[in-house]
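Data block below; observations after.
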2 protein chains.
Amino acid sequence: MNYFSSNFKLGILGGGQLGKMLLNDTRKFDIYTCVLDASKEAPCKIASNEFHLGDLMDYDAVYNFGKQVDVLTFEIENVNVDALEALEKEGKKVYPSSKTLRTIQNKATQKLFYVDHNLPTAPFSRFAYLSEIEDAINNGGLEFPFVWKATQFGYDGNGVKVVRKLSDLEDLPKGECIAENLVPFKNELAVIVARNASGETKTFPVVEMEFHPEANQVEYVICPARIPDAVAKKATDVALKTSEAYNHVGLLAVEMFQTENDDILINEVAPRPHNSGHQTIEASYTSQFEQHLRAILNLPLGRTDSKVGGVMVNLVGAEGFSGNVIYENIKDIMKLDGVTPHIYGKKQTRPFRKMGHVTIVNEDLNEARRVAEEVKKTIKVISE
Amino acid sequence: MNYFSSNFKLGILGGGQLGKMLLNDTRKFDIYTCVLDASKEAPCKIASNEFHLGDLMDYDAVYNFGKQVDVLTFEIENVNVDALEALEKEGKKVYPSSKTLRTIQNKATQKLFYVDHNLPTAPFSRFAYLSEIEDAINNGGLEFPFVWKATQFGYDGNGVKVVRKLSDLEDLPKGECIAENLVPFKNELAVIVARNASGETKTFPVVEMEFHPEANQVEYVICPARIPDAVAKKATDVALKTSEAYNHVGLLAVEMFQTENDDILINEVAPRPHNSGHQTIEASYTSQFEQHLRAILNLPLGRTDSKVGGVMVNLVGAEGFSGNVIYENIKDIMKLDGVTPHIYGKKQTRPFRKMGHVTIVNEDLNEARRVAEEVKKTIKVISE
């Protein structure tokens, strides 16, 4: 199929910031795009060739949208997977596959998948209702502390909580969840694996993530991770095995824990471009977004090594501010060496909402990390 | 003025490939854009917030468009400069200025500007009509060989011809022109200077251009130029002096000749992002397009040095092909290391039409140059 012709249509489910950054590369290759999103104000409203309004969880909306395109992908996991499966049965190319997405959408199913495929992950128990956790504690079947995770629709740290006492369970959603052993770890690492339909596979360098204590959102992504080569190799191998287990096509971002004794445990995966890969736009030979396109269109994959060291800082809404967004001191950070702000185009800010990110690149990774802290101290996402 | 708010509107005259690449960066910063172009099929039809249809040479079209925006810039020189001047008189920010554009639009006026400012350029004579050139030759006032240049509306090598005998003058436009001494040169070089309204100035590295013999279009741009430091310094100084002479705001691409005895002569300038700067997207810390935005919005300028070596190959329509475009073997070049195709999105190809470009980056510039030749041999822009 000739992707570089106007007869070809790429469908993207979701019109958020990941889709917006993906569109920069579809524009670069002049690939015709159709985007489905529920919001008239979605960042992908412009730059896509066709913007369709519709609910991503609605079977008919997704099915009818998918019928009109040649290849279908998504920038968010919360889409109607039954519609994707129906489209695949009719021969539509859906990358990543509905099977992969169905497994990933439910954290319990995802964890069981790792167990079934002998992939390392922290021990856990599955519960149909929150109340069953209390029973397990009372029966001595579960001990504090543990990590509660909702099995569905968690994002950006929502749906995850460390539970140290019974009262921590109050106000948690009542539905299906897992209790995961609280494993002490040195680092949170991530590896993005790209695989195309022909099976060509490449991995981006291991990155290191520093989290914001309250928001439980990534605060810094550091590429490459400052870890021993042996640990980097182990993490890369686990990521590759995971991608193979899913028989994945597209990008797979594998988030992992480096334990106190340097074991690697899979935390969770995302079958799409990922926050831990944003620095690839400026730091790598190929950005994760271009690589995702190359993978799902079965084009040759690009180089994944880095030109320079890269650090990514998330721009999230400051606490205590809600309303029309203002990026305070953005001009000041643009004075700093190797600083590139990415503004997602969301008009309204609220505490911890992802509004953009800033990439800092430098030949010297430590210098990039130093500048990143200055960026973090300087810019503030507030409201009018 | 807060550029990072939806109250601000940036106007761009021209919706071609330069505008299209500029829009990637306005999207990155979430800057609201309005584009004016005469063609419904302009590459900027999408990705701009507002697309306006209108003739760029029509006073009313440009004036009325300009009234609606806060800052006005252009991606092509052939726009109605009287309208720009009227808008400036009303206090509208127009960058680069109408004065600069008026001087540059006419090659004779542009050359006289260099003479007036003691900037080095090849000797020339100005003629109101082509017939006056024949008179000058007959009177012995002009000798073969020389370079004929139309004073207006030349682009991509059109409007330029080496004249070695009277018959070479046949079929040339009859209007105003110049006859320039044919100066033997070693290299064609270019330096892109960025200057913001506060006067902050930065230059990109000197690049070396290799031209296609027949088409008289750039075939390879090599960054950095493989020339002695002393020559690079001389070229950079000339470019800086030229930018100062224009009191320029925005990007100024200065094309120069390196003569046999290493003198630097200005060929011509372009007051906008330029073909000789496309490799900055992948090779530099800051792309020329982001830098143009930073300059015209009076933001701090970004780093202009390179992360890696870069070579740019123009993708022009192959001879003998006209019609719906096909990029033959594009997948094959995407297998090569550090290769990024940029497809401009023009639906119709014709001989020597600029349809896109390919950037090749590598730690080793010579390896990038080697791959560039392979790219050139492999991909072909043909028609269905």
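Numbered from 1 within each chain, the chains take letters A, B, ... in sequence-line order.
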Is the shortest heavy-atom distance from the side chain of [X] to the side chain of [Y] under 4.5 Å?
X	Y	answer
D337(A)	Y285(B)	no
T340(A)	E290(B)	yes
D30(A)	K347(B)	yes

task: List the steps, then state whether side-chain contact (heavy atoms from CB on, under 4.5 Å) holds for I330(A) with F29(B).
output: CA-CA 10 Å; I330(A) 188 164; F29(B) 292 163; over 6 Å; no
Polar side-chain atom of K28(A) near backbone of N24(B) as donor-acceptor pair, under 3.5 Å: no
field: Inter-residue atom distance M334(B).CE - L299(A).CG, 0.5 Å rounding
entry: 4.5 Å
message: Would you compute the distance between atom CD1 of I46(B) and atom CG of L23(A) and round it to the nearest 0.5 angstrom?
response: 8.0 Å
message: Counting heavy-atom pairs closer than 4.5 Å to chain A, which one of K20(B), K307(B), R27(B), E200(B) comes out on top?
response: R27(B)
message: Please determine whether the number of non-hydrogen atoms from other residues, nucleotides or ligands lying under 6.0 Å from atom CD of E41(A) exceeds 12.
response: no
field: Contacts with chain A made by residues 355-364 of chain B (heavy-atom distance under 4.5 Å), listed by residue number
entry: V361(B), N362(B), E363(B)
statement: The interface call for N49(A) against chain B, heavy-atom contacts under 4.5 Å, is both
query: Looking only at heavy atoms, which two atoms of K335(B) and P300(A) are closest? And how far apart?
result: CG-CG, 3.4 Å
Residue part contacting chain A, namely of S48(B), when any heavy atom lies under 4.5 Å: backbone
field: Contacts of type side chain to side chain contact (heavy atoms under 4.5 Å, CB included), residue S306(B), not counting sequence neighbours
entry: P205(B), C223(B), S284(B)
